[in-house]
Amino acid sequence: MIALSFLESKALLNTKKGAALLAPALYQPTEEKVRARANAYAENPLCRVFYALEGEAPQGLCVVQPNDQSAEILILSVAKKYQGRGMGRALIAHIQNQLKIPLAAETDDEAVGFYRRCGFCVTSLGEKYPGVIRYRCILAKEA
């Protein structure tokens with residue numbers, strides 16, 4: 001496991017590193033699409049943006065939108081060289097500790113295994129888009 005610290009900041013969304021973390025989590029990302037999504041999250045007063053840092057460098061990003069019952073994970077992205085090393089799991093644990101409410105996410109075949117390994121209960125939503133099966137993932141708050 002790598003040594004991590006965590007930071008909550010919307011300002012980093014509009015930096016080069018923030019864009020680099022956001023882009024892989026978007027469908028067919030373009031520079032314009034990444035910038036528009038970063039601006040939308042930054043301007044949304046309900047969104048909270050968390051980073052996992054190695055040293056001072058952000059290597060993981062999670063955008064969540066809390067409501068009364070849970071917090072929806074809108075984006076979860078980890079730099080490629082840190083994937084599979086516990087950063088995403090640590091980021092989720094940090095967010096769950098900060099918010100103290102259940103976390104929820106919608107994902108696809110590519111990431112559903114990650115959410116299962118993190119302890120999320122997974123339910124298939126079926127083929128939500130042509131040829132794409134989606135899943136609803138829920139992680140109850142810690143007791």
Side-chain angles (χ1 to χ4, degrees), residues 1-126 128-129 132-143:
M1 178 71 174
I2 49 182
L4 297 176
S5 60
F6 301 94
L7 172 70
E8 183 176 355
S9 170
K10 288 184 175 183
L12 288 176
L13 281 171
N14 289 305
T15 66
K16 187 175 182 179
K17 187 60 180 182
L21 287 169
L22 185 57
L26 302 180
Y27 178 70
Q28 297 182 342
T30 62
E31 189 175 323
E32 183 177 305
K33 189 175 187 178
V34 172
R35 186 174 26 258
R37 186 70 64 95
N39 288 336
Y41 291 146
E43 293 169 5
N44 182 337
L46 300 177
C47 282
R48 295 180 67 179
V49 182
F50 295 90
Y51 293 88
L53 304 133
E54 183 192 42
E56 293 185 19
Q59 302 295 345
L61 162 73
C62 189
V63 178
V64 297
Q65 183 168 321
N67 61 44
D68 292 338
Q69 283 85 35
S70 66
E72 186 74 23
I73 296 172
L74 303 176
I75 294 285
L76 177 62
S77 178
V78 172
K80 199 154 209 64
K81 74 177 187 174
Y82 290 95
Q83 291 176 4
R85 297 176 60 193
M87 185 174 284
R89 182 186 303 259
L91 192 51
I92 284 176
H94 173 75
I95 292 165
Q96 189 177 36
N97 186 51
Q98 293 294 304
L99 301 181
K100 300 189 184 336
I101 57 177
L103 299 178
E106 184 178 308
T107 195
D108 56 18
D109 286 330
E110 189 176 324
V112 71
F114 165 78
Y115 285 102
R116 279 193 179 108
R117 289 188 300 278
C118 288
F120 284 74
C121 292
V122 176
T123 304
S124 175
L125 298 173
K128 194 167 179 183
Y129 308 107
V132 179
I133 304 222
R134 299 292 290 177
Y135 301 89
R136 184 77 179 149
C137 308
I138 306 287
L139 181 64
K141 67 180 179 180
E142 298 267 325

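Values reported hereafter were calculated over all heavy atoms of this structure, with side chains retained and with hydrogens, waters and symmetry mates removed.
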Show your reasoning for whether side-chain contact (heavy atoms from CB on, under 4.5 Å) applies to I73 and C62.
-> CA-CA 7 Å; I73 296 172; C62 189; 3.8 Å; yes
Residues in side chain to side chain contact (heavy atoms under 4.5 Å, CB included) contact with Q83, at least two apart in sequence or another chain = V78, K80
Quick one: does T30's side chain get under 4.5 Å of Q28's, heavy atoms only?
-> no
Carefully, step by step, assess C137 and T107 under the rule side-chain contact (heavy atoms from CB on, under 4.5 Å).
-> CA-CA 8 Å; C137 308; T107 195; 3.8 Å; yes
Spacing of I95 atom CD1 and I101 atom CD1 [to the nearest 0.5 Å] | 11.0 Å
Pairs satisfying salt bridge (Lys or Arg N to Asp or Glu O under 4.0 Å), at least one member in residues 23-41, at least two apart = E31-R35
Any pair with a residue in residues 109-126 that passes salt bridge (Lys or Arg N to Asp or Glu O under 4.0 Å), sequence neighbours left out, goes on the list, sorted by first then second residue, please.
-> none
Could you pull out all residues at least two apart from Q65 that satisfy side chain to side chain donor-acceptor pair (under 3.5 Å)?
-> N44
Atom CG in L74, atom CD in E106: separation rounded to 0.5 Å?
-> 11.0 Å
Grab the two heavy atoms, one from P24 and one from L21, that are nearest each other, plus how far apart they are.
-> CD-O, 3.4 Å
Between the CD1 atom in I92 and the CG atom in L76, the distance rounded to the nearest 0.5 Å is 5.0 Å
Pairing residues for R48 by the side chain to side chain contact (heavy atoms under 4.5 Å, CB included) criterion, not counting sequence neighbours = E8, F50, V64, P66, L99
Salt bridge (Lys or Arg N to Asp or Glu O under 4.0 Å) partners of residues 65-78, not counting sequence neighbours, each pair once = E72-R136
Sorted by chain and number, sequence neighbours left out, side chain to side chain donor-acceptor pair (under 3.5 Å) with D108 holds for none
Sequence neighbours excluded, which residues qualify as side chain to side chain contact (heavy atoms under 4.5 Å, CB included) partners of A19?
-> V34
Just wondering, do K10 and Y41 contact through their side chains at under 4.5 Å, heavy atoms?
-> no
Smallest heavy-atom separation, S77 atom then A25 atom, equals CB-CB, 4.2 Å
Partners passing ring-ring contact (aromatic ring centres under 6.0 Å, His included) against Y115 (at least two apart in sequence or in another chain) = F120
Kindly state each residue pair satisfying ring pair (Phe, Tyr, Trp, His ring centres under 6.0 Å) with at least one member in residues 3-23, sequence neighbours excluded.
-> F6-H94
Which pair of heavy atoms, one from Y51 and one from P58, lies closest together, and at what distance?
-> CD2-CB, 3.7 Å
Given the rule in the side-chain contact (heavy atoms from CB on, under 4.5 Å) test, do T123 and I138 qualify, once you have shown the distances and angles that lead to the verdict?
-> CA-CA 9 Å; T123 304; I138 306 287; over 6 Å; no
Check L91 against A52 and note the closest heavy-atom contact, atom names and distance.
-> CD1-N, 3.9 Å
From CA spacing to verdict: side-chain contact (heavy atoms from CB on, under 4.5 Å), C118, L139 | CA-CA 8 Å; C118 288; L139 181 64; 5.6 Å; no
Any side-chain heavy atom of L61 within less than 4.5 Å of one from L13?
-> yes
Results of side chain to side chain contact (heavy atoms under 4.5 Å, CB included) for T15 - residues two or more places apart only = L12, K17
